[in-house]
Amino acid sequence: MSTRENKDGPIGVFDSGLGGLTVVRELMRQLPSEDIVYFGDTARVPYGTKSKEAIIRFSRENTRILLQYKVKMVVVACNTSSSYALDILRKEFRVPIVGVIGPGARKAIAMTKAGNVGVIATSATVASGQYEKSIKQCDGGIRVVSQACPLFVPLAEEGWADKPVTFEIAREYLKPLKKSGIDTLILGCTHYPLLKAALQKAVGKSVVLVDSAKEVALEVDGILTSLGRKRTEKKVGRYRFLISDRPQAFKKLAKNFLGREIKHIQKV
Ligand code: DGL
């Protein structure tokens, strides 16, 4: 399927649920004039435990929803979707599509001094091996150690970033990575930036944490600029939040991820 691209349209962002709001937060910060339409697939979250076929199907459907809003670009904010569906979406849709794996991998390559990078992500993302592949494609000499951390998503959604139990779980998950001497750690899941303090404490101060949200916003900026589609006028962007289920629950939790209240949420 292809679609007509809209020069002045909003940036479309989708995720399996709430986590992609950490990417929206960065987009708002770095590109304040841009309009954004966000779709969170709260009816089908989590994706991190689903099959490849399901993840691809959901990602395709989410892209179609965003295209109804005449988006000029689609950001696949979900690491799990980016791992399995990005290439397929790029083939099927004509709009520029940005994923989160490449930007995070490139940043990690730039940051590592020892050539020893850790990746933490959902089980599906780790199983896909996409972070490792992206890193090795750029620099085959870098060692990559990955760890699935399925308990982090519910902890972040619960708002338990500062609880001792979160630190204990982080310490347990990160033990093998720490032992292997990583100096850079990719937060390969939308939810993990919320747990940054616990993760940093567990892995040690000397390890650089790579938050792909920041890198993704930079990449979006670069692509819009090179295509001549970046808004240059000084206007404040307008935001629209769409979800597939439970708008009230989303509203309550969204503030943690976005850092501000969401007034209107639309169920689609
Ligand atoms: N958004 C997912 C990711 O970044 C995390 C939550 C889920 O499993 O759906 O991988």
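In listed order, ligands and their atoms are each counted from 1.
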When you look at Asp221 and Lys230, which way does the salt bridge (charged side-chain N to carboxylate O under 4.0 Å, His left out) test go after all the steps? CA-CA 7 Å; Asp221 190 342; Lys230 184 173 162 180; 3.0 Å; yes
Does any N/O atom on Pro46 come nearer than 3.5 Å to any N/O atom on ligand 1? no
Answer yes or no for Lys50 and Phe58: cation-pi contact, defined as NZ/CZ to six-membered ring centre under 6.0 Å and angle to ring axis within 45°. no
Closest protein heavy atom to atom 5 (C) of ligand 1, given as residue, atom name and distance to 0.1 Å: Cys189 SG, 3.5 Å
For Val45, the atoms of ligand 1 under 4.0 Å from one of its heavy atoms are 9 (O)
Count the heavy atoms belonging to other residues, nucleotides or ligands that lie under 6.0 Å from CZ of Arg90, then report whether that count exceeds 12. yes
Is there a polar contact, in the sense of an N or O pair closer than 3.5 Å, between His191 and ligand 1? no
Please work out which of the three classes, parallel, tilted or perpendicular, describes the rings of Tyr38 and Phe241, given edges at 30° and 60°. tilted
Could you give the distance from OG1 (Thr190) to OH (Tyr47), rounded to the nearest 0.5 Å? 11.0 Å
For atom 8 (O) of ligand 1, the protein heavy atom that lies nearest, with its residue and separation: Gly48 N, 2.9 Å
Under the criterion salt bridge (charged side-chain N to carboxylate O under 4.0 Å, His left out), I'd like the reasoning laid out for Arg64 against Glu61: C-alpha separation, chi angles, the key distance, then a yes or no. CA-CA 5 Å; Arg64 286 202 187 109; Glu61 288 167 5; 5.9 Å; no
Top protein contact for atom 10 (O) of ligand 1, by heavy-atom distance: Thr80 OG1, 2.6 Å
Distance filter under 4.0 Å to Thr122 heavy atoms, resulting ligand 1 atoms: 5 (C), 8 (O), 10 (O)
In terms of its nearest heavy atom to atom 6 (C) of ligand 1, the top option of Gly188, Ser81, Ser16, Ala121 is Ser16
Verify whether the ring centers belonging to Phe39 and Tyr69 lie closer than 6.0 Å. no
Side chain or backbone of Asp15 under 4.0 Å from ligand 1, or both, or neither, by non-hydrogen atoms? side chain
